[in-house]
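Chain letters run A, B, ... following the sequence lines, proteins first, then strands; residues in each count from 1.
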2 protein chains.
Amino acid sequence: MNKPKRVTIKDIAQLAGVSKSTASLVLSGRGKELRVSEATRERVMDIARQAHYQPSIHARALNSSRSHTVGLVVPEMTNQGFATFSHALETLCRDAGLQLLIACTDENASQETLAVNNLIQRQVDGLIVASSMLNDAEYQKINQQIPVVLFDRHLGESTLPLVITDAIEPTARLVERVAREGVEEFYFFGGQPRISPTRDRLEGFRQGLDRAGMALKPEWIIHGHYHASSGYEMFAELCMRLGRVPKALFCAACGLQEGVLRYLSQHGLLEQPIRLCSFDDHYLYDALSVKIDTVVQDERMLAWNCFEIISGLIEGETLENQQRQLPALLKWRSA
Amino acid sequence: MNKPKRVTIKDIAQLAGVSKSTASLVLSGRGKELRVSEATRERVMDIARQAHYQPSIHARALNSSRSHTVGLVVPEMTNQGFATFSHALETLCRDAGLQLLIACTDENASQETLAVNNLIQRQVDGLIVASSMLNDAEYQKINQQIPVVLFDRHLGESTLPLVITDAIEPTARLVERVAREGVEEFYFFGGQPRISPTRDRLEGFRQGLDRAGMALKPEWIIHGHYHASSGYEMFAELCMRLGRVPKALFCAACGLQEGVLRYLSQHGLLEQPIRLCSFDDHYLYDALSVKIDTVVQDERMLAWNCFEIISGLIEGETLENQQRQLPALLKWRSA
DNA sequence: GTGAAAGCGCTAACAG
DNA sequence: CTGTTAGCGCTTTCAC
């Protein structure tokens with residue numbers, strides 16, 4: 001690997017017969033206001049172009065203490081929702097000249113700490129996080145150095161900027177309507193009860209039943225974790241216990257619903273009467289024989305809001321109390 | 001935002017009463033072999049820990065010309081396959097102390113050039129690319145400076161390292177078997193014909209029909225692009241033309257199959273007799289009433305191979321002719 | 001208008 | 001064993 005030495009600003013300066021500083025001014029675009037002559041400017045620019053000059057990000061970062069880099073921390077990139085979110089955010093960042101650094105935590109707090117430290121060490125200018133932590137202590141500290149925006153999950157009563165989809169109300173409306181159809185039992189499958197999406201969706205579930213005048217039985221509520229396998233296991237166990245499939249079920253996340261579907265199909269139960277509804281949508285639900293009603297989040301909107309807040313903060317705007325809750329849509333397939 | 005000034009190696013050195021270079025040696029872990037006294041080493045380490053010292057990646061990158069960063073270029077992160085691949089690769093990289101920089105091209109060559117330039121400018125140590133380009137000229141040039149590994153798609157007769165799932169043979173086997181069932185027509189939906197996955201899968205389709213002794217009719221082959229909407233449109237048009245659904249169909253990618261399914265469900269055709277098969281699997285296919293046979297890629301394996309090659313190359317190993325073709329699995333749901 | 005010089009934080013000779 | 005020195009590539013005063 002013969003490495004053609006990097007062309008630096010010094011080379012450009014020499015070729016153009018000016019000093020490093022002049023070249024620097026021109027190349028960083030601020031030649032004009034700083035009274036570099038038209039002629040010099042063009043010469044330098046031309047030469048730079050011809051030589052394929054590429055400024056070194058690292059040298060820049062070193063003395064501006066800005067890396068033009070934003071860290072994104074998500075539990076799983078393979079989750080459809082986070083993938084869409086990441087994609088949207090990546091596009092926004094790239095258009096703004098920022099590089100997105102993505103780190104996955106596998107829903108694991110200690111891995112999250114590692115990932116975040118790693119990002120900080122890379123001097124990200126800001127951090128966007130869907131955290132698996134219990135509280136925001138760590139992020140409060142970080143937020144004193146670089147801006148932090150939380151999304152998808154709230155950490156206790158954190159005062160950090162936050163972008164989230166309103167879960168309680170839409171879940172309640174969904175559940176209420178299903179409950180009013182006269183189902184005599186209504187199960188809830190949730191992920192880890194300690195993370196806020198699970199809690200909010202459960203709260204929505206409670207309110208929905210309540211509004212429909214249906215008394216919640218404690219054994220209806222079952223918690224697992226947000227993984228493909230978990231929904232399957234929970235459902236298998238439930239079927240075992242009941243000796244049949246449940247009448248109605250709300251899954252607090254896409255992954256859980258997936259597991260349930262897999263169980264149903266593997267056991268030839270897809271034609272059984274069962275009322276399914278779920279938080280998070282998937283395009284393939286359209287093609288299922290069983291009709292699943294869902295609460296649909298707008299991930300692009302989430303990404304857009306996170307981006308807006310973080311870039312404002314990075315630019316030094318001092319936006320107070322940025323806690324945004326975006327509306328969700330209900331998608332009725334049973335109707 | 002009161003920014004507590006960064007603690008540098010100089011600070012540590014002062015606090016420990018040694019020189020910058022000694023501190024540097026200790027902190028970069030090579031204090032021992034370079035004969036720094038036990039006592040000094042411990043003192044420096046202690047102080048560094050207490051002061052939460054974090055070495056500046058940028059300063060390091062500046063004089064080592066290594067950024068400990070790898071660029072990944074994919075068409076779409078939202079595609080299940082690329083998401084899984086990215087996730088696996090991210091984990092491998094992070095464990096190896098490398099940061100993965102992900103860029104999306106939206107299947108667009110000029111956007112790809114931009115993204116790649118941006119990554120290069122950030123001095124990535126290596127590049128892993130699923131390219132939407134027509135040839136490897138650009139990457140050959142880049143490869144003279146930093147190692148490049150192509151995956152998922154081959155670019156002409158490129159000699160660059162390449163990791164790919166074997167598509168022709170498994171597709172041929174899948175198609176052959178379906179053809180032998182005695183279908184009297186067999187359509188092929190592909191993405192852009194210019195990119196290699198489309199071509200390979202088409203070639204596999206051809207061979208499959210051939211082996212089954214079925215004569216291919218040119219009008220069976222229909223090209224669109226790899227987007228959710230494309231499969232839908234192609235299928236809509238085909239149904240229009242035929243006045244019914246086709247007897248058998250092979251979709252060259254997950255997205256196309258999705259569009260087809262959406263059309264079928266929206267038009268209440270899911271119960272129609274149609275023989276579906278597809279390249280790329282999806283877990284939800286299990287839950288469909290229509291049985292889809294698929295060719296399944298192992299994305300984790302792809303990621304692992306890419307990682308192995310790129311890290312070898314980055315470490316300066318001179319691996320010649322790294323073109324790896326991984327086997328695919330067939331998943332029969334119709335059986 | 002332009003250049004010289006210092007410094008961002010770190011590493012790598014080379015002297016002691 | 002440890003300190004001095006000289007960069008890595010760029011920006012930013014401050015003179016001329």
**OP:** Quickly work out the B:I12 CD1 to C:dT11 P distance and round it to whole Å.
**Re:** 13 Å
**OP:** Taking atom CZ of B:R324 as the centre, report whether more than 12 heavy atoms of other residues, nucleotides or ligands fall under 6.0 Å from it.
**Re:** yes
Subject >> side-chain hydrogen bond (donor to acceptor under 3.5 Å, both in side chains) involving A:S311 - partner list, sequence neighbours excluded >> reply: none
**OP:** Provide, to the nearest angstrom, the distance between the CG atom belonging to B:N63 and the P atom belonging to D:dC10.
**Re:** 14 Å
**OP:** State whether B:S21 places a side-chain N or O below 4.0 Å from either non-bridging phosphate oxygen (OP1 or OP2) of D:dG3.
**Re:** no
Original post:
From C:dC10, D:dG3, C:dG3, pick the nucleotide closest to the side chain of A:V18?
Top reply: C:dG3
**OP:** Please name all residues satisfying ring-ring contact (aromatic ring centres under 6.0 Å, His included) with B:H58, sequence neighbours left out, ordered by chain then number.
**Re:** A:H58
Subject >> Atom-to-atom span, CZ of B:R41 to C1' of D:dC1 - whole angstrom >> reply: 11 Å
Subject >> Rounded distance (Å) that lies between atom P of C:dC10 and atom CZ of B:R66 >> reply: 18 Å
Subject >> Helical bend (five base pairs per end, nearest 10°) for the helix from C:dG1-D:dC16 to C:dG16-D:dC1 >> reply: 50°
**OP:** Starting at atom CD1 of A:I9, determine the distance to atom P of C:dG3, rounded to an integer number of angstrom.
**Re:** 13 Å
**OP:** Calculate the interatomic distance between A:K20 atom NZ and C:dA4 atom P; express it in whole Å.
**Re:** 10 Å
Original post:
Looking at A:S19, does any N or O in its side chain come under 4.0 Å of the phosphate oxygens OP1/OP2 on C:dG3?
Top reply: yes
Subject >> Side-chain touch B:L100/B:R94, heavy atoms, less than 4.5 angstrom >> reply: no
Subject >> Pairs touching residues 144-157 of chain A that satisfy salt bridge (charged side-chain N to carboxylate O under 4.0 Å, His left out), sequence neighbours left out >> reply: A:E107-A:R153
Subject >> Candidates D:dT12, D:dC10, C:dT11 - which lies nearest the side chain of A:R60 >> reply: D:dC10
Original post:
How is A:S24 classified with respect to the nucleic acid when contacts are heavy atoms under 4.0 Å: base, sugar-phosphate, or nothing?
Top reply: base
Subject >> Counterpart residues, ring-ring contact (aromatic ring centres under 6.0 Å, His included), relative to B:F307 (two or more places apart) >> reply: none
**OP:** Would you indicate what A:T40 reaches in the nucleic acid, counting non-hydrogen atoms under 4.0 angstrom: base, sugar-phosphate, or nothing?
**Re:** sugar-phosphate
Original post:
Got a sec, which pairs hit ring pair (Phe, Tyr, Trp, His ring centres under 6.0 Å) with one end in residues 88-129 of chain B, sequence neighbours left out?
Top reply: none
Subject >> Integer-rounded Å distance: D:dT11 P and A:H58 NE2 >> reply: 14 Å
Subject >> Whole-Å distance separating the CG atom of A:L62 from the P atom of C:dA6 >> reply: 18 Å
Subject >> Shortest side-chain distance from B:S37, nucleotide among D:dG9, D:dT11, D:dC1 >> reply: D:dC1
